[in-house]
**Q** 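Questions regarding the structure given below will be posed in turn.
Here the structure is a predicted model, which means the values were calculated and not measured. Just the heavy atoms: all of them, side chains too, but no hydrogens, waters or symmetry mates, feed the values below.
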Amino acid sequence: MKHLVAFLAVLLLISAAPTQAGTKEEIMRLSADVLQLQNQILNLQKNFDERQGSVQSLLEQLNDQAATSNRVLQEIVSVLRAQKTDATSAAAELHQGIQALSVKLDDTNNRLATVLQKVEESQVRSESRRLPSQSDPGGPKPDQVYSLAFNDYLAGNYELAVDGFRDFLVRYPESEYADNSAYYLGLCLQQMGQQEQAAQAFDQVINMYPKADMTAAAYYKKALVEQELLKNEAAIETFKKLVSLFPDTQEAATAREELVNLGVRLPGRR
């Protein structure tokens with residue numbers, strides 16, 4: 001800009017120079033014009049610098065606003081992404097909750113079905129255990145009552161089975177299932193740790209049904225119970241009776257081995 005001012009000053013001097021030697025007044029006027037021109041140029045320079053500074057400031061403000069806008073935009077994007085993630089997580093949790101409730105509902109239905117089945121069985125059992133009267137000739141048959149008690153025995157419901165077998169023996173002491181009922185009554189009591197009562201049940205088979213199918217097994221089980229009660233002499237006598245009364249049964253063969261283990265010498269054996 002300074003070179004431009006000097007150039008303009010020289011240009012004015014040349015253009016204003018007289019064809020002949022100028023007067024002093026003309027030189028002074030020309031100098032004043034040059035000075036005025038210099039001032040105008042300086043004003044232009046000042047205005048230009050001020051405007052350039054304003055533009056620079058404006059650019060800086062625009063850059064700051066752009067940076068702020070980018071930061072806000074990034075925050076908005078982050079919030080939207082977080083909301084989307086939260087929504088996806090909530091949907092997944094809701095799905096898992098529905099599945100868990102479905103499983104619980106199925107389990108509840110299964111338990112309810114089991115409870116209803118037990119209630120029905122209990123009702124049938126209660127009906128079967130009502131002593132028949134003349135006004136109720138159409139009561140349950142002996143095999144039905146026995147089957148209920150025997151199913152309880154197989155399922156490990158020994159207390160229910162004990163009640164069922166005892167009820168059966170009271171109601172049907174002459175039934176073909178009576179010796180079985182007394183025998184399995186003894187097995188249930190043995191499983192329940194009631195050894196004395198178990199021995200009494202096996203005695204019931206032996207005394208009331210001496211020729212029945214379960215009698216040999218009752219002798220053998222009674223002898224085992226007597227051993228558990230540390231009544232070895234009584235057990236030996238029971239094993240001997242079994243061998244004597246039912247020599248050809250599997251129970252008798254096993255009883256002979258038990259007697260040998262107890263140090264008892266049998267006839268015909270060395």
Side-chain angles (χ1 to χ4, degrees), residues 1-126 151-161 191-193:
M1 181 61 68
K2 292 181 179 180
H3 295 291
L4 178 60
V5 172
F7 175 74
L8 290 176
V10 172
L11 182 60
L12 288 174
L13 290 173
I14 294 174
S15 60
T19 53
Q20 296 178 358
T23 64
K24 183 178 180 181
E25 290 79 4
E26 289 176 348
I27 294 173
M28 292 178 63
R29 186 178 68 250
L30 183 60
S31 297
D33 291 338
V34 170
L35 181 60
Q36 184 179 4
L37 181 59
Q38 287 179 344
N39 290 332
Q40 291 177 354
I41 292 173
L42 290 174
N43 289 331
L44 288 174
Q45 177 67 36
K46 182 178 179 181
N47 292 335
F48 176 79
D49 291 340
E50 290 178 352
R51 290 183 181 180
Q52 186 177 11
S54 299
V55 171
Q56 183 67 30
S57 176
L58 181 61
L59 288 175
E60 292 177 355
Q61 292 178 4
L62 290 175
N63 288 332
D64 292 339
Q65 291 180 356
T68 302
S69 299
N70 288 333
R71 184 171 62 255
V72 172
L73 181 60
Q74 289 178 356
E75 291 177 354
I76 293 174
V77 171
S78 299
V79 171
L80 291 176
R81 288 178 178 176
Q83 290 178 348
K84 182 179 179 180
T85 301
D86 292 341
T88 303
S89 177
E93 291 179 359
L94 179 61
H95 181 67
Q96 292 176 355
I98 292 174
Q99 287 183 333
L101 288 175
S102 178
V103 171
K104 289 183 179 180
L105 180 61
D106 291 340
D107 182 62
T108 302
N109 289 335
N110 292 333
R111 291 184 179 181
L112 180 60
T114 302
V115 170
L116 290 176
Q117 183 179 0
K118 289 183 178 180
V119 170
E120 292 176 357
E121 291 178 355
S122 178
Q123 290 176 347
V124 172
R125 187 177 291 108
S126 298
N151 288 336
D152 286 333
Y153 163 74
L154 293 178
N157 300 323
Y158 297 121
E159 292 184 0
L160 290 176
Q191 291 292 331
M192 294 168 63

**Q** I need the Thr23 OG1 to Met28 CE distance, nearest 0.5 Å.
**A**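 If we round to the nearest 0.5 Å, Thr23:OG1 and Met28:CE are 10.0 Å apart.
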
**Q** To the nearest 0.5 Å, how far apart are CG in Leu35 and CG in Asn39?
**A** 5.0 Å

**Q** Rounded at 0.5 Å granularity, tell me how far OH in Tyr158 sits from CE in Met192.
**A** 10.0 Å

**Q** With rounding to the nearest 0.5 Å, note down the distance linking CD in Glu159 to CD in Gln191.
**A**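 The distance works out to 13.0 Å.
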
**Q** Nearest 0.5 Å, please: how far is CG in Asp152 from CG in Leu160?
**A**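 Here the interatomic distance stands at 5.0 Å.
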
